[in-house]
Amino acid sequence: MNFDAIQIVPMMTDAEIDGKAYVHWKSWQETYTGLIDQTYLDGITLEKCIQIAHRWKDNILVAKDGEHVVGFVAYGAYRDSALPNVGEVFAIYVLQEYQGKKVGYRLMQSAIQKLAAYPQIAVWVLKDNQKAIDFYKKYGFRFDGAEMDVLMGTPNTELRMILNKG
């Protein structure tokens, strides 16, 4: 693996879409085992992730090691009117073997550049996902006190973090 050779590109081809779906599925298995209900996690299949990836293709950047997708980030305007003029990182996932190699940082940096028009950027993180919280904190995101209950087989809590770009 040559981590310097990893490219961050807009997701465009069917191979990139399928690669993104694999990263989505594999990352959920690697990240959320023990954090969310296992029955719910077992229901997140590669096939479901492929269907999602082919339906939602806009505003996604992929990290590629050669022809293999090893990570992705999805971004856009904040998903509800509670925070006007705020951007959002909807999802960022990197295969475990590529974590700690600046792939996630480069994906986040690229998404932040795409969201340059927004003075703030939000991200929601699972309350007990300390590894992701630490990643976001290193990047400059801070909790703003907002919480959202999500049902993933059992109730879970997501916390909102905000990056002030000022």
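Values below: all heavy atoms of this structure, side chains included; hydrogens, waters and symmetry mates excluded. Keep in mind that what you see is a predicted model, and the values were worked out from it rather than measured.
- Of the residues Gln120, Arg160, Arg79, the one that meets the side-chain hydrogen bond (donor to acceptor under 3.5 Å, both in side chains) test with Glu88 is Arg79.
- Counting only N and O atoms by type, the side chains of Lys26 and Gln96 include no donor and acceptor under 3.5 Å apart.
- In this structure, Gln38 CD and Asp42 CG are separated by 4.5 Å, a value rounded to the nearest 0.5 Å.
- When atom types are taken as modelled, the side chain of Trp124 and the backbone of Met161 share no donor-acceptor pair closer than 3.5 angstrom.
- Put simply, Met148 and Leu35 are part of the same group of oily side chains (I, L, V, M, F, W, Y) that touch within less than 4.5 Å, one to the next.
- Tyr98 is listed as a side-chain neighbour of Asp65, based on a closest heavy-atom distance under 4.5 Å.
- Under the 6.0 Å distance and 45° angle rule, Lys102 counts as a cation-pi partner of Tyr105.
- Under the 4.5 Å side-chain criterion, counting only non-hydrogen atoms from C-beta, Val62 is not in contact with Ile8.
- Taking both residues in full, the closest heavy atoms of Ala74 and Trp56 are given as CB-CH2, 3.9 Å, listed atom of the first, atom of the second, then distance.
- The NZ atom of Lys64 sits 11.5 Å away from the CE atom of Met11 when rounded to the nearest 0.5 Å.
- The heavy-atom pair separating Val23 from Val70 by the smallest distance is CG2-C, 3.8 Å.
- Val103 approaches Ala63 most closely through the heavy-atom pair CG1-CB, 3.7 Å.
- Residues Thr31 and Asn129 come closest through the heavy atom pair CG2-ND2, 3.6 Å.
- Proximity of Val9 to Leu61: side-chain heavy atoms (C-beta onward) are nowhere separated by under 4.5 Å.
- Phe143 and Phe141 end up in the same hydrophobic cluster when Ile, Leu, Val, Met, Phe, Trp and Tyr side chains are linked at under 4.5 Å.
- The shortest side-chain heavy-atom distance between Tyr136 and Leu163 does not fall under the 4.5 Å cut-off.
- By the 4.5 Å heavy-atom criterion applied to side chains, Ile133 and Lys127 are not counted as neighbours.
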List the atom pairs, donor and acceptor, that lie under 3.5 Å between side-chain atoms in residues 151-158 and the rest of the protein, sequence neighbours left out.
from   : atom 1 : to     : atom 2 : distance (Å)
Asn156 : ND2    : Thr154 : O      : 2.8

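- With contacts defined as side-chain heavy-atom distances shorter than 4.5 Å, the pair Ile92/Tyr75 does not qualify.
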Practice prompt. Given side chain to side chain contact (heavy atoms under 4.5 Å, CB included), test Ile162 with Ile121 step by step and report yes or no.
Written response: CA-CA 6 Å; Ile162 299 285; Ile121 297 172; over 6 Å; no
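- Rounded to the nearest 0.5 Å, atoms CD1 (Ile52) and CD1 (Ile50) are 10.5 Å apart.
- Cation-pi geometry between Lys20 and Phe72 is satisfied (NZ or CZ under 6.0 Å from the ring centre, within 45° of the ring normal).
- In this structure the side chain of Asn85 reaches within 4.5 angstrom of the side chain of Pro119, judged on heavy atoms.
- Shown here for Tyr139 and Gln109, the closest heavy-atom pair between the two residues is OH-CA, 3.3 Å.
- In plain terms, the two heavy atoms of Val86 and Tyr118 that are nearest each other are C-CD2, 3.4 Å.
- Phe90 and Ile36 are assigned to two separate hydrophobic clusters, defined by single-linkage of ILVMFWY side chains at heavy-atom distances under 4.5 Å.
- By the criterion of side-chain heavy atoms lying less than 4.5 angstrom apart, applied directly or through intervening Ile, Leu, Val, Met, Phe, Trp or Tyr residues, Met12 is not grouped with Ile6; the two fall into different hydrophobic clusters.
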